[in-house]
Amino acid sequence: MTSNFALGIDIGGSGIKGALVDLTAGDFATERLRIDTPSESTPANVAAIVGEIVENFADQLGDGPIGITIPAIVQHGVTISAANIHESWVNCPAEQIFEDALGRDIVLVNDADAAGVAEVGFGAAKGHPGLVIVTTLGTGIGSAIIHRGVLVPNSELGHLEIDGYDAEKRAAASVREREGLKWSEYVPRLQRYYETVEFLFSPDLMVVGGGISKKADKFLPQLKLRTPIVPAQLQNRAGIVGAAWLAAAEAS
């Protein structure tokens, strides 16, 4: 790796955000640029916005690496699913589309995987030597499995079937808001979810991210688990930082 800097871009359902990342500090080296996700969030339209963000940082980035997150399963550069983005991303050669639009190599990764890598590299699980599972509680439940610093991609633990339900349909943060659940009503759902994940994977540490992690004191102390479970530290910077780190790692 010739530089300690890389560009991270985080594609979300409402906004596309990017920043240059200092890979030594594990944090932004510039102000974040955010552009609204196009209402018709097709690959071509999203790639055009990504191009604007890359152009904004072009002078500082030079030929440095670019990592991009997307809310989809990403297998060998192909997006297999699509969450909160246009259905045309399903089975789409997305990495190639971005590379053709930008005229340069990029690394494309699932958004929860990028956030998980960032938490292990620089956040709540920094330097952890064992098996770490990072979950993001938001519109759904995202997940990342990292063993001894190595990512096992596309785990999709939000879609575990628990008690006959897709887990995120009962335990995502959006469900608590939509159903108006008190914490005393929501915590049992989280307990059921995390005890299942714990039983299936026996992790050494679990990290909980997503906006709700800012209120971790409302629910984490009430969970009864063998495994230590802690709030994420990088908050909404995690996707950008993780994408940049993964791109730099592939370029090195």
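Residue indices begin at 1 and follow the sequence shown.
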State, with a plain yes or no, whether a side-chain heavy atom of [X] is found less than 4.5 Å away from one of [Y].
X: N84; Y: S14; answer: no
X: V120; Y: L151; answer: no
X: L200; Y: L160; answer: yes
X: S202; Y: R226; answer: yes
X: L157; Y: I145; answer: yes
X: I240; Y: F28; answer: yes
X: R170; Y: D163; answer: no
X: V175; Y: Y186; answer: no

Salt-bridged, R192 to E195, with N to O below 4.0 Å?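 Counted as a salt bridge, because a side-chain N and a carboxylate O are separated by less than 4.0 Å.
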
Lys/Arg-Asp/Glu bridge criterion (N-O < 4.0 Å) met for R237, D27: yes

Would you check, one step at a time, whether the test side chain to side chain contact (heavy atoms under 4.5 Å, CB included) holds for L223 with L220? CA-CA 5 Å; L223 297 179; L220 286 189; 3.9 Å; yes

Step by step, work out the side chain to side chain contact (heavy atoms under 4.5 Å, CB included) result for R176 and L137. CA-CA 10 Å; R176 184 183 78 88; L137 300 175; over 6 Å; no

Kindly compute the distance separating [atom1] ([X]) from [atom2] ([Y]), expressed to the nearest 0.5 Å.
X: H76; Y: L108; atom1: NE2; atom2: CG; value: 13.0 Å
X: I162; Y: E168; atom1: CD1; atom2: CD; value: 11.0 Å
X: T227; Y: F201; atom1: OG1; atom2: CZ; value: 12.0 Å
X: E99; Y: I66; atom1: CD; atom2: CD1; value: 9.5 Å
X: F5; Y: D22; atom1: CZ; atom2: CG; value: 4.5 Å
X: I229; Y: L190; atom1: CD1; atom2: CG; value: 8.0 Å

If every non-hydrogen atom of [X] is compared with every non-hydrogen atom of [Y], which pair is closest and at what distance?
X: G130; Y: D204; value: CA-OD2, 3.4 Å
X: L246; Y: A114; value: CD1-CA, 4.4 Å
X: K126; Y: G121; value: CG-O, 3.5 Å
X: A124; Y: L205; value: O-CD2, 4.3 Å
X: A216; Y: P221; value: O-CD, 3.4 Å
X: W89; Y: A82; value: CB-CB, 4.0 Å

Any link between [X] and [Y] through a network of hydrophobic side chains (Ile, Leu, Val, Met, Phe, Trp, Tyr) touching at under 4.5 Å?
X: I49; Y: I9; answer: yes
X: V187; Y: V208; answer: yes
X: V152; Y: L131; answer: yes
X: L33; Y: L102; answer: yes
X: V197; Y: L225; answer: yes

[X], [atom1]: over 12 other non-hydrogen atoms inside 6.0 angstrom:
X: W245; atom1: CH2; value: no
X: D59; atom1: CG; value: no
X: E55; atom1: CD; value: no

Taking the side chain from [X] and the backbone from [Y], do they hold a donor-acceptor pair closer than 3.5 Å?
X: T69; Y: D111; result: no
X: S81; Y: I73; result: yes
X: D113; Y: N154; result: yes
X: T30; Y: L20; result: yes
X: S213; Y: P231; result: no
X: E250; Y: V107; result: no
X: S41; Y: H86; result: yes
X: N110; Y: A72; result: yes

Check the side chains of [Y] and [X] for a donor-acceptor pair under 3.5 angstrom, ignoring hydrogens and angles.
X: N56; Y: E52; result: no
X: S155; Y: S143; result: yes
X: T135; Y: Y193; result: no

For the residue pair F219 and W183, does the interplanar ring angle fall in the parallel (under 30°), tilted (30 to 60°) or perpendicular (over 60°) class? parallel

Is there a side chain to side chain contact (heavy atoms under 4.5 Å, CB included) between I146 and E119? Walk through the geometry before answering. CA-CA 10 Å; I146 301 107; E119 289 294 336; over 6 Å; no

Applying side chain to side chain contact (heavy atoms under 4.5 Å, CB included), run through L61 and R104 and close with a yes or a no. CA-CA 12 Å; L61 179 66; R104 58 191 294 170; 3.8 Å; yes

